[in-house]
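Taking it in order: structure first as structure tokens, then the write-up.
The basis for the numbers below is simple: all heavy atoms, side chains too, and nothing from hydrogens, waters or symmetry mates.
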Number of protein chains: 2
Amino acid sequence: MTPSPATPDTVAIELNAVLVALTANQPQVLTLDDGALLPSGPFATEHPTLQSGVRAWVERQTHHPLGYVEQLYTFADPNRPASDGQRRVVSISYLGLTRERLSAGPRDPEWRSWYRYFPWEDWRTGPSPLVAQSILPRLATWAEGADASARRDRQQRIQMTFGDGLENWNEDLVLQRYELLYEAGLVPEAKAREAKSAGADPVPGMPMRHDHRRILATGIARLRAKIKYRPVFFELMPPEFTLLQLQRAVEALAGRPMHKQNFRRLIDQQGLVEPTGGITSEARGRPAKLFRFRREIVLERAVAGTKLPLSRPL
Amino acid sequence: MTPSPATPDTVAIELNAVLVALTANQPQVLTLDDGALLPSGPFATEHPTLQSGVRAWVERQTHHPLGYVEQLYTFADPNRPASDGQRRVVSISYLGLTRERLSAGPRDPEWRSWYRYFPWEDWRTGPSPLVAQSILPRLATWAEGADASARRDRQQRIQMTFGDGLENWNEDLVLQRYELLYEAGLVPEAKAREAKSAGADPVPGMPMRHDHRRILATGIARLRAKIKYRPVFFELMPPEFTLLQLQRAVEALAGRPMHKQNFRRLIDQQGLVEPTGGITSEARGRPAKLFRFRREIVLERAVAGTKLPLSRPL
DNA sequence: ATAAATAATGCTCCCAATGAGCATAAGGAG
DNA sequence: CTCCTTATGCTCATTGGGAGCATTATTTAT
């Protein structure tokens, strides 16, 4: 058909993006096709860099500038040959942060809270009931279905990644948790591939096509880990904000609540923000001072590191 | 010439590896061509995974198993078209840890201490004199050669990455430091490209071809960051070792000295090791107990995290 | 032998970071 | 005027980690 019979060591590059924004205290992700896909596009070789390639089609598709871009992972999917049936596809995924939402029409590029895909990851109002009620029991059943040594192994992994449903929750382990559920056949994506373990019905949470939910998990995990030592949330905030808004933003990303006074102490200890002089009383309660990020410090912390009151399990 | 006129969106994949081992308290890296290159090979599409591709040619080339493999970064070099002059090359680099050294003959695959490439990164015996004597002065000169605003910017970056030559050294910033030197035209690799800044002669440290020294810097940085929260040094140690040997290993990687008593406290607090019962008096001084890693805990920490007395600057 | 150097170990002290809460101030809604 | 909600200031207790003293056990030098 095509004039080029695709030499063996030649592949096509596909770029995937996890684009994150914050709206109404929800961490939003840009999706396509009714939420089933992450935006992705080919790497056109005229781009000098991979990053510039990403930026190009993302901005073309969303009409919004990307604040921060970071490479996530490169993956050669053995089960997804290119459409021409010849070349292998290597997908390179990126995490992108953007400040504003797509002003788009009703359809296609659509922002969705990432907790629709990973409802068990939201512990902002305390331990997610999903874990104790729905996930742990099914995982336990799965663990039972193995012989002694494998069972012990599975049980330990469950404990390490999901804790006990009330304590020992480590919000960074997004990817490990998804992979465990996948392996246990508790997400629809897994069942598609393995006709065998038709047993358990899936855990709540919207699936995606291909490995896109896995990529999303990777992005969330990376972002959650990152905010603990780099002030990247800066990229997601409007130019002015109150400290509570900032706290809610971090909580949205981390998926767990934080102590208000300690959060404030940490933030201004590090000199990350400065008051603009303005005051707002949009919310109820006592009016709050408005702040902005301090450019110099943010640049400095970009290399030196930040701290957030997020670390210990519980 | 070739029957396939290479369609535009087609690229060739090249795999690069930073292979690390520890010998005689030196962090060793496998190199080729008299130390000028990192091992690299093509990604043959018959491999199901990228990782398996890496493992395959690494083990073929070195005849040693890879303990731990981790993806580093994917990079499309705009300046290095494939040899056929048509396809773009995308290189995917990996970090690999191995316990044993190549038993190889005198030549080619050769292990070299990574401090030959980055001598300023070795602070194990205190502040590296190179930084204060050789690097900081030249960087200062470089900063002077810019107008006011850019100068301030450069000075801040110098301070952030190199500190002041005595304190505020952050061992993780290997890549940032290399990139700064590159930008300042203080490494030979940079001069090759820019004929202009022929000024300063380069800083000590052996260069590599292409961007391989940059990839190496990425690997070192990743490893240094990693040992602080994952017990990966486990992959580099022999089955039995003394606590001092373990400490020296970590110091070799981190490039800075550690407090002996505190190191021990931390290690056994976390239950990472257990005594084998053996005792050694290979070195001078009081004989030391031998330890081995505790498999269960190591697996557990692989997900949950570890601690090392490495964090603060100074 | 004896002294000196090198390592292994045990323990104490101190300080900075941080998790938790109490208390007070300042607006808006009924 | 009272209650509710949020902003802010401060205190307290705990802990993790940095430093260093002291002691013990061996090898090496004199």
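Going from atom NZ of Lys228(A) over to atom P of dT18(C) covers 13 Å, rounded to whole Å. Straight-line distance from the CE atom of Met258(A) to the P atom of dG19(C): 8 Å, rounded to whole Å. The interatomic distance linking Arg264(A) (CZ) with dC10(D) (P) rounds to 14 Å, in whole Å. One atom, CG of Leu244(B), and another, P of dA5(C), lie 19 Å apart when rounded to the nearest Å. Going from atom CZ of Phe241(A) over to atom P of dT6(D) covers 19 Å, rounded to whole Å. Per the geometry, CZ belonging to Phe263(B) stands 11 Å off P belonging to dA8(C), to the nearest Å. Gln269(A) has its CD atom 14 Å from the C1' atom of dC10(D), to the nearest Å. Between Leu246(A) atom CG and dT6(D) atom P there is a gap of 16 Å when expressed in whole angstrom units.
Side-chain N/O atoms of His259(B) and base N/O atoms of dG17(D) include no donor-acceptor pair closer than 3.5 Å. You won't find any donor-acceptor pair under 3.5 Å spanning the side chain of Arg286(B) and the base of dA7(C), going by distance alone. With hydrogens and angles left out, the side chain of Arg284(B) and the base of dA7(C) share no donor-acceptor pair within 3.5 Å.
A close approach under 4.0 Å does occur between a side-chain nitrogen or oxygen of Lys260(A) and OP1 or OP2 of dA7(D).
The main-chain N or O of Ala254(B) is never found under 3.5 Å from a side-chain atom of Glu171(B) such that the two would form a donor-acceptor pair.
Within the cation-pi definition used here (under 6.0 Å to the ring centroid, within 45° of the axis), Arg177(B) qualifies as a partner of Trp169(B).
Map Ala288(A) and Asn262(A) each onto its nearest nucleotide of DNA chain D; the residue landing nearer the 5' end is Ala288(A). A residue-by-residue look at Arg265(A) and Pro287(A) shows that Arg265(A) has its nearest nucleotide of DNA chain C further toward the 5' end.
The aromatic ring centroids of Phe234(B) and Tyr68(B) lie 6.0 Å or more from each other.
Using a 4.0 Å heavy-atom distance criterion, Leu243(A) is classed as making no nucleic acid contact.
The side chain of Gln261(B) has dG10(C) as its nearest neighbour among dG10(C), dG18(D), dT8(D).
Under the 3.5 Å distance criterion, with hydrogens and angles disregarded, a donor-acceptor pair is assigned to the side chains of Glu251(A) and Gln247(A).
The pair Asp122(B)-Arg256(B) fails the salt-bridge criterion, with no side-chain N (NZ, NE, NH1 or NH2) lying under 4.0 Å from an Asp/Glu carboxylate O.
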